[in-house]
Amino acid sequence: MSMRVTDTSASLRSLANLQSTGSRLADLQAQMSSGNQITKPSDNPSGTVRALELRGDLKRNTQYNAAATDAIGWLSAADAAYSQVVNLTQNARTLVVKGLNNGASTGTSAGALADQIDAIRTSLISIANTAYNGRPVFGGTTTGAIAYDPAGNYVGDNGTVSRTVGDQNTVQINQNGPSIFGPPGNDLFARLATISTTLRTNPSALGPQLSALDTALSSISDAQAVEGATYQRVQIAQSTQQSTSTALQTQLSGIQDIDLADMAIKVSTANVTYQAALQTTASIRQMSLLNFLR
């Protein structure tokens, strides 16, 4: 049994081949212009799923990194405040020692020391209100702008400020005022007010206040050490996230990015094939009965 090949069937096959090569060329050109191997899910179904997973991981990683950056900013502001508080408290201690010396026990000298203590107290209250992004770093989760009012009263709360800096890695980045400066009524500010009054009335009774300042300095130093450990933990998490981001980007690139040189060859080859199909189709479509009678 013989098969008859008609002009119509040859023309249809030629048109089908032309459409196929044209579609192939268009797909390759789209990939080359976008730089992606996958321009639609059908290009690589499994690769599309994996690419979506990797993009999700990258988005989460970006959020972790942003949280770590915010935590570093908060902790840096707190660390600067701690250092200033330690220096001022040490200055206050020095003044108390002077007040205990016989040479500084006259009314004029003691009064001058008391004035300096008052100035230190005012500065410490200002530092205790150190803010980051409009929030007092020692005020807990208060919505107010300050942690301590001008009189030295704590107006914050005991809330915890935390940041998630990695998978199952959440850190507390704040310490509330009372845990640093002491409980209300017996905090550093109340202590300095007492020292100022004692200097003006009975400097020889400053001995217990000296011990109290030593205790306050120890507490502040301990709080700064905790802050430093948290800072280091966040830095490690941030470094880990940066490494993870690089690895994820590499994996995603391997799935979706094209090899430019290889793609240029494929596009060139597909274009040659398309041009050949175009010429073949044009030649067949021009044939008529006269071509066979010649």
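Since the model is a prediction, treat every value here as computed from it, not as a measurement.
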If you round to the nearest 0.5 Å, how far is [atom2] of [Y] from [atom1] of [X]?
X: N202; Y: T197; atom1: CG; atom2: OG1; result: 12.0 Å
X: Q84; Y: S126; atom1: CD; atom2: OG; result: 8.5 Å
X: S245; Y: N65; atom1: OG; atom2: CG; result: 7.5 Å
X: L124; Y: R191; atom1: CG; atom2: CZ; result: 14.0 Å

Is the shortest heavy-atom distance from the side chain of [X] to the side chain of [Y] under 4.5 Å?
X: L188; Y: L213; result: yes
X: K59; Y: Q63; result: yes
X: Y82; Y: I180; result: yes
X: S83; Y: Q224; result: yes
X: L75; Y: V137; result: no
X: L88; Y: N91; result: yes
X: Q90; Y: V86; result: yes
X: L113; Y: I117; result: no

Check [X] against [Y] and note the closest heavy-atom contact, atom names and distance.
X: A67; Y: T164; value: CB-O, 3.3 Å
X: S179; Y: N176; value: OG-O, 2.6 Å
X: N169; Y: A237; value: ND2-CB, 3.7 Å

Practice problem: Establish, yes or no, whether a centroid distance under 6.0 Å links the rings of Y132 and F138. | Solution: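 When the ring centroids of Y132 and F138 are compared, they turn out to be at least 6.0 Å apart.
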Quiz item: Is there a side-chain contact (heavy atoms from CB on, under 4.5 Å) between Q241 and V165 once you walk through the steps?
Solution: CA-CA 8 Å; Q241 296 309 328; V165 297; over 6 Å; no
Practice problem: Step by step, work out the side chain to side chain donor-acceptor pair (under 3.5 Å) result for R200 and S196. | Solution: CA-CA 7 Å; R200 288 186 169 90; S196 176; 2.5 Å; yes
Quiz item: Under 6.0 Å from the CD atom of Q232, do we count more than 12 heavy atoms belonging to anything else shown?
Solution: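 Count not over threshold, so no.
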Quiz item: So does R121 pair up with D118, basic N to acidic O under 4.0 Å?
Solution: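 No.
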Quiz item: Quick one: do L100 and V97 end up in the same hydrophobic cluster if we chain Ile, Leu, Val, Met, Phe, Trp and Tyr together by side-chain heavy atoms under 4.5 Å apart?
Solution: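 Yes; V97 is reachable from L100 via cluster members.
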Quiz item: When clusters are formed by joining ILVMFWY residues with side-chain heavy atoms under 4.5 Å apart, either directly or through shared neighbours, do V161 and Y64 land in the same one?
Solution: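 Per the 4.5 Å side-chain linkage, V161 and Y64 are not co-clustered.
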Self-check item: D157 versus T141, side-chain donor and acceptor atoms under 3.5 Å
Solution: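 Looking only at side-chain atoms, D157 and T141 do form a donor-acceptor pair, the distance falling under 3.5 Å.
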Quiz prompt | Stepwise side-chain contact (heavy atoms from CB on, under 4.5 Å) test for T230 and Q172 | solution = CA-CA 8 Å; T230 304; Q172 178 179 337; over 6 Å; no
Practice problem: Anything under 30° is parallel, anything over 60° is perpendicular, the rest tilted; go ahead and classify F189 against F181. | Solution: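 Geometry flag for F181 against F189: tilted rings.
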Quiz item: Should R50 and Q251 be marked as a side-chain contact (heavy atoms from CB on, under 4.5 Å) after you check the CA-CA gap, both sets of side-chain angles, and the distance that decides it?
Solution: CA-CA 9 Å; R50 181 55 182 155; Q251 293 179 53; 3.0 Å; yes
Quiz item: So Q238 and T69, side chain to side chain donor-acceptor pair (under 3.5 Å) or not? Walk me through it.
Solution: CA-CA 8 Å; Q238 195 171 40; T69 299; 3.1 Å; yes
Quiz prompt | side-chain contact (heavy atoms from CB on, under 4.5 Å) between Y148 and N153, worked out | solution = CA-CA 5 Å; Y148 286 87; N153 300 308; 5.9 Å; no
Self-check item: Linked hydrophobic residues, I146 as query - side chain contacts closer than 4.5 Å
Solution: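 Its cluster partners, ordered by chain and number, are V155.
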